[in-house]
Visitor: 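Questions regarding the structure given below will be posed in turn.
Numbers here are sequence positions counted from 1. These numbers come from a predicted model, not from an experiment.
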Amino acid sequence: YRVKKVLGLVSGSVVKARNIGRDIIAALRNIAGGEVVEYTELLASSRDEAIKRMIEKAKALGANAVIGVRLVTANIMGGVAEVLVYGTAVIVEEESRY
């Protein structure tokens, strides 16, 4: 594929807070060791939602692809985190082999 047209920066973000139930289970897992599945699932769903929002913005611009995608996470405050995803919305076309 080759980039036919660059449409600009697109992003998607989601801010989610932990909840007391997850925190209690996570604290118990912390004592025993191992993966904290509750937080892994929370971050995965946040990431998926942020990507979905970015794709919706890209489609609204008429893009059929997003390139140079980056993911960033940040603590907003205690127990609240943001997942931000951004990239460049483009129109691509299949490159001829001949």
Side-chain angles (χ1 to χ4, degrees):
Y1 290 87
R2 72 176 190 86
V3 175
K4 184 177 176 183
K5 185 175 183 181
V6 175
L7 300 173
L9 182 70
V10 288
S11 64
S13 70
V14 64
V15 177
K16 287 194 178 178
R18 301 181 321 202
N19 70 37
I20 191 70
R22 281 194 185 126
D23 287 349
I24 292 169
I25 294 169
L28 294 173
R29 286 193 198 278
N30 191 34
I31 293 168
E35 181 180 6
V36 183
V37 177
E38 294 75 22
Y39 292 154
T40 299
E41 291 170 355
L42 179 64
L43 283 172
S45 70
S46 298
R47 181 191 64 237
D48 292 345
E49 182 61 31
I51 291 170
K52 178 182 167 192
R53 291 176 184 181
M54 179 191 66
I55 290 170
E56 288 171 357
K57 288 180 181 178
K59 285 181 179 179
L61 292 176
N64 64 357
V66 179
I67 59 173
V69 174
R70 300 288 186 266
L71 285 159
V72 179
T73 60
N75 267 346
I76 303 299
M77 58 183 279
V80 179
E82 176 187 32
V83 175
L84 169 69
V85 61
Y86 61 94
T88 304
V90 296
I91 297 174
V92 296
E93 64 183 9
E94 197 165 351
E95 199 163 18
S96 173
R97 294 183 181 191
Y98 305 105

Visitor: Please list, one pair per line, the donor and acceptor atoms closer than 3.5 Å that link side chains of residues 80-93 to other protein atoms, with sequence neighbours excluded.
Guide:
{"from": "E93", "atom 1": "OE2", "to": "R2", "atom 2": "NE", "distance (Å)": "3.1"}
{"from": "E93", "atom 1": "OE2", "to": "R2", "atom 2": "NH2", "distance (Å)": "2.6"}

Visitor: Indicate every side-chain donor-acceptor pair of residues 66-78 with a distance under 3.5 Å to a residue at least two apart or in another chain.
Guide:
none

Visitor: Return all side-chain donor-acceptor pairs below 3.5 angstrom for residues 47-58, not counting sequence neighbours, or 'none' if the list is empty.
Guide:
{"from": "E49", "atom 1": "OE2", "to": "R53", "atom 2": "NE", "distance (Å)": "3.0"}
{"from": "R53", "atom 1": "NH1", "to": "S13", "atom 2": "O", "distance (Å)": "2.7"}
{"from": "K57", "atom 1": "NZ", "to": "S11", "atom 2": "O", "distance (Å)": "3.2"}

